[in-house]
Amino acid sequence: PGDKANFGLITKNFSWSKLPAGLPLEFVILNPSGIEIMKEKFSLKGDGLEEFSFSTSEDSATGSYHAQVFTIRDDLRSTMIGSTVFKVEE
């Protein structure tokens with residue numbers, strides 16, 4: 001608790017070519033209880049690279065957190081295109 005997690009996102013399609021610039025996406029973090037504690041909608045840049053940071057507070061729960069990226073369609077989450085798990089420990 002009280003630390004910062006940094007995430008780097010590299011987006012490509014199955015043939016390893018770039019996805020279209022401006023593609024609407026959403027970055028989400030879930031705490032160990034599965035509660036959404038952060039979300040950020042963004043548009044994909046032309047290079048397909050993006051960075052995010054998330055800071056825990058001193059009283060944040062310990063355990064496994066999930067970071068997820070979704071495509072957005074009709075202003076709603078559509079398809080998860082990536083995820084990772086990170087741990088917050090004492």
Side-chain angles (χ1 to χ4, degrees):
D3 289 327
K4 181 178 177 181
N6 295 302
F7 303 90
L9 175 66
I10 302 171
T11 55
K12 302 279 185 185
N13 68 23
F14 289 114
S15 66
W16 290 96
S17 61
K18 292 180 184 177
L19 293 172
L23 180 69
L25 300 173
E26 186 172 41
F27 179 77
V28 176
I29 293 183
L30 306 174
N31 71 10
S33 299
I35 297 171
E36 187 176 287
I37 56 173
M38 178 187 164
K39 67 179 176 180
E40 185 174 335
K41 289 184 179 178
F42 64 100
S43 294
L44 190 63
K45 295 184 280 188
D47 61 7
L49 305 175
E50 193 65 52
E51 293 179 303
F52 295 94
S53 294
F54 169 73
S55 295
T56 61
S57 63
E58 291 296 328
D59 62 347
S60 291
T62 57
S64 296
Y65 286 66
H66 296 261
Q68 305 169 332
V69 179
F70 295 88
T71 58
I72 300 294
R73 179 173 287 150
D74 299 326
D75 211 31
L76 299 171
R77 286 182 195 153
S78 179
T79 304
M80 183 188 302
I81 61 169
S83 66
T84 193
V85 176
F86 65 101
K87 291 190 181 257
V88 173
E89 298 177 335
E90 290 290 336

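At a threshold of 4.5 Å between side-chain heavy atoms, the hydrophobic network of Ile, Leu, Val, Met, Phe, Trp and Tyr places Phe27 and Tyr65 in one connected group. Put simply, Met80 and Leu30 are part of the same group of oily side chains (I, L, V, M, F, W, Y) that touch within less than 4.5 Å, one to the next. When hydrophobic clusters are built by joining Ile, Leu, Val, Met, Phe, Trp and Tyr residues whose side-chain heavy atoms come closer than 4.5 Å, directly or via intermediates, Leu23 is grouped together with Ile81.
In Lys4, the NZ atom is not crowded: 12 or fewer heavy atoms of neighbouring residues, nucleotides or ligands sit closer than 6.0 Å.
Counting all heavy atoms, side chain and backbone alike, Asn13 lies closest to Lys18 at ND2-O, 4.3 Å. Ser64 approaches Val85 most closely through the heavy-atom pair CB-CG1, 3.8 Å. Nearest heavy atoms, Met38 versus Phe54: SD-CD1, 3.8 Å.
The side-chain heavy atoms of Ile10 and Leu49, taken from C-beta on, include a pair separated by under 4.5 Å. At least one side-chain heavy atom of Val88 sits under 4.5 Å from a side-chain heavy atom of Pro1. A heavy-atom distance below 4.5 Å is found between the side chains of Phe42 and Leu9. In this structure the side chain of Val28 reaches within 4.5 angstrom of the side chain of Lys39, judged on heavy atoms. In this structure the side chain of Ile29 never reaches within 4.5 angstrom of the side chain of Phe52, judged on heavy atoms. The closest side-chain heavy-atom distance from Lys41 to Asp75 is below 4.5 Å.
Here side-chain hydrogen bond (donor to acceptor under 3.5 Å, both in side chains) pairs that include residues 25-38, with residues two or more places apart or in two chains, are Glu26-Arg77, Glu36-Arg77. Within the structure, side-chain hydrogen bond (donor to acceptor under 3.5 Å, both in side chains) contacts touching residues 43-56 (residues at least two apart or in different chains) are Asn6-Ser53.
Under a 3.5 Å cut-off, the side chain of Thr71 and the backbone N or O of Thr79 do form a donor-acceptor pair. Panel note: side chain Thr11, backbone Gly48; a donor-acceptor pair is recorded below 3.5 Å.
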